[in-house]
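The shown structure was predicted, so the numbers you read here are calculated from the model rather than taken from an experiment. The sequence lines fix the lettering, A, B, ..., with proteins before strands; numbering per chain opens at 1.
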Number of protein chains: 2
Amino acid sequence: MPKSSHIASQATPPDSTEGDVSEKPTYAIGELAEMFEVTPRTIRFYEQEGLLAPERRGQRRIYHDKDRVRLKLTLRGKRLGFTLAEIREVVELYDAMPDGNARQLHRILEILAEKRAEMEQRKEDIRLMQNELDDVETRCRAALEGLAP
Amino acid sequence: MPKSSHIASQATPPDSTEGDVSEKPTYAIGELAEMFEVTPRTIRFYEQEGLLAPERRGQRRIYHDKDRVRLKLTLRGKRLGFTLAEIREVVELYDAMPDGNARQLHRILEILAEKRAEMEQRKEDIRLMQNELDDVETRCRAALEGLAP
DNA sequence: ACTTTGCTTTACGTTAACGTCAACTATAGT
DNA sequence: ACTATAGTTGACGTTAACGTAAAGCAAAGT
């Protein structure tokens with residue numbers, strides 16, 4: 001790849017290299033990383049996996065709010081035990097929406113139904129897990145009572 | 001390890017090698033595996049990780065209801081995105097309970113509080129995720145409407 | 001001009017959670 | 001006695017999701 005030296009002939013209006021005053025906010029990879037307490041490596045990895053597609057300004061990645069939201073969704077999915085592949089599947093629904101034909105749209109509805117079912121399962125799992133925690137706590141406190149009354 | 005050939009001098013009452021009629025049920029590893037749709041390998045691995053400790057009858061592993069419940073808890077934890085290490089931490093609470101001293105018991109209460117917080121986070125994650133799904137579905141149906149009215 | 005700071009790619013390393021043989025053993029049925 | 005059917009212990013392989021280190025660019029401050 002020839003290091004293309006096109007000198008930003010794009011007329012991005014009052015494009016200040018930094019200090020977007022009253023403009024749509026952009027983030028460097030480090031900012032985003034700190035913001036979500038992940039490493040830049042993680043963010044680049046997610047891009048490599050097709051979960052993010054930030055703008056490029058020269059060599060650097062520029063993240064917009066749209067990207068920030070996506071990262072948030074991704075991390076949320078992770079906390080719920082989804083794999084990156086599964087998350088990408090959902091994320092791609094977003095992109096596939098605007099120009100989707102009928103068959104694609106119906107396919108999306110199918111996937112949505114699946115995910116919805118999984119969420120219900122998770123909710124049930126949480127409910128049961130909380131019961132367990134309650135149970136352990138109760139017995140734990142009982143043990144403490146019977147120890148030093 | 002000398003293959004100890006002590007011929008089961010234990011008086012396990014009407015211990016039929018199989019066919020426990022009206023007795024506490026026991027399971028072979030394969031049964032348990034099928035029951036939870038995991039492989040025997042997985043179950044052995046969980047044992048190796050300290051999550052299970054089945055009885056041994058000779059060379060074979062014998063699983064009781066207690067073990068079955070533990071496996072169930074483990075898989076539930078996995079679905080919620082916990083690592084085996086985290087799950088073990090909770091599982092060990094169970095064991096550490098009966099003979100726990102005051103300091104240990106308080107430590108358990110600490111961990112319980114942490115887990116509880118995590119569960120709340122998960123619940124919030126689910127709530128938000130469901131909103132997302134609702135949103136996508138709405139827009140998806142709208143796209144279908146505007147396609148073939 | 002020089003250094004710092006932050007980013008870039010490339011590439012190999014690591015960890016968790018199993019999968020996949022291979023070689024062996026024990027029990028049950030015929 | 002032989003075979004089929006689980007189950008057993010290694011031991012190495014695999015995949016996902018990053019970590020880590022190397023080498024280099026580029027804008028920004030001093």
Side-chain angles (χ1 to χ4, degrees), chain A residues 1-8 15-19 26-63 67 71 74-89 91, chain B residues 1-8 15-19 26-63 67 71 74-89 91:
Chain A
M1 271 191 214
K3 273 94 190 338
S4 56
S5 57
H6 56 251
I7 314 94
D15 181 64
S16 55
T17 315
E18 189 257 357
T26 68
Y27 315 92
I29 195 169
E31 299 178 281
L32 217 60
E34 195 177 3
M35 189 175 295
F36 289 101
E37 301 186 84
V38 296
T39 68
R41 173 69 174 105
T42 297
I43 297 180
R44 285 191 207 102
F45 182 72
Y46 289 171
E47 177 180 348
Q48 184 180 323
E49 294 299 299
L51 290 165
L52 296 171
E55 187 198 333
R56 288 285 185 142
R57 204 104 73 185
Q59 171 179 235
R60 332 281 273 233
R61 294 168 170 85
I62 307 293
Y63 298 88
D67 303 304
L71 180 53
T74 300
L75 296 174
R76 182 180 299 155
K78 283 224 65 190
R79 282 196 300 270
L80 290 175
F82 290 102
T83 69
L84 294 185
E86 292 171 319
I87 296 170
R88 178 179 44 206
E89 193 178 25
V91 161
Chain B
M1 270 191 216
K3 274 100 190 343
S4 57
S5 59
H6 56 251
I7 314 96
D15 180 63
S16 54
T17 316
E18 189 260 355
T26 68
Y27 315 92
I29 196 171
E31 300 179 280
L32 218 61
E34 196 176 2
M35 188 176 296
F36 289 101
E37 300 186 86
V38 296
T39 69
R41 172 66 173 111
T42 297
I43 296 180
R44 286 191 206 101
F45 182 72
Y46 289 172
E47 176 180 348
Q48 185 181 321
E49 294 298 298
L51 291 165
L52 296 171
E55 187 198 331
R56 288 286 185 143
R57 205 104 74 185
Q59 170 179 236
R60 330 283 269 238
R61 294 168 170 84
I62 307 291
Y63 298 88
D67 302 304
L71 180 53
T74 299
L75 296 175
R76 182 179 299 153
K78 283 224 66 191
R79 282 196 300 270
L80 291 174
F82 290 103
T83 69
L84 293 184
E86 292 170 321
I87 296 169
R88 178 179 47 207
E89 194 178 25
V91 160

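For the OP1/OP2 pair of C:dG19 and a distance below 4.0 Å, the side-chain nitrogens and oxygens of B:Thr42 include at least one atom meeting the criterion. For the pair B:Thr39 and C:dC18, the criterion of a side-chain N or O lying under 4.0 Å from OP1 or OP2 is not met. In this model, the phosphate group of D:dC18 is approached by a side-chain N or O of A:Tyr46 to a distance below 4.0 Å at OP1 or OP2.
In this structure, A:Glu47 places its CD atom 12 Å from P of C:dT10, rounding to the nearest Å. Between the CG atom of A:Leu51 and the P atom of D:dC18 there is a distance of 10 Å, given to the nearest Å. The CG-P distance, from B:Leu32 to D:dG7, rounds to 10 Å in whole Å. Separating the CD atom of B:Gln59 from the P atom of C:dA28 is a distance of 14 Å, rounded to the nearest angstrom. Regarding A:Tyr63, its OH atom lies at a distance of 13 Å from the C1' atom of C:dG6, rounded to whole Å. Summarising the geometry, the separation between OH on A:Tyr27 and P on C:dC7 is reported as 15 Å, rounded to the nearest angstrom. Distance A:Glu34 CD to C:dT5 C1': 14 Å, rounded to the nearest Å. Distance CZ (A:Phe45) to P (C:dT9): 15 Å, rounded to an integer number of Å.
With hydrogens and angles ignored, the 3.5 Å screen pairs a side-chain donor or acceptor of B:Glu31 with a backbone N or O of B:Ala28. Judged by distance alone, the side chain of B:Glu37 and the main-chain N or O of B:Glu34 form no donor-acceptor pair under 3.5 Å. Checking side-chain atoms of B:Arg79 against main-chain N and O of A:Gly81 turns up no donor-acceptor pair under 3.5 Å. A donor-acceptor pair under 3.5 Å is absent between the side-chain atoms of B:Arg57 and the main chain of B:Arg60, judged by distance alone.
Proximity note for B:Arg56 (side chain, C-beta onward) versus D:dT8, C:dC18, C:dT8: the nearest is D:dT8. Here the nucleotide nearest the side chain of A:Ile29, chosen from C:dC7, D:dG19, C:dA17, is C:dC7. In the set C:dG19, D:dG19, C:dC7, the nucleotide with an atom closest to the side chain of A:Arg41 is D:dG19. Out of C:dC7, C:dT9, D:dT9, the shortest distance to the side chain of A:Arg60 is found at C:dC7.
Legend: residues meeting side chain to side chain contact (heavy atoms under 4.5 Å, CB included) with B:Arg44, ordered by chain and number and at least two apart, are B:Ile29, B:Pro40, B:Arg61. With sequence neighbours excluded, no residue satisfies side chain to side chain contact (heavy atoms under 4.5 Å, CB included) with A:Ala53.
Across all strands shown, B:Arg44 has heavy atoms under 4.0 Å from base atoms, whether or not it also approaches the sugar-phosphate.
Taking every heavy atom of residues 78-89 of chain B and every atom of DNA chain C, pairs under 4.0 Å involve B:Lys78, B:Thr83, B:Leu84, by number.
Residues B:Pro54 and B:Ile62 come closest through the heavy atom pair CB-O, 3.6 Å.
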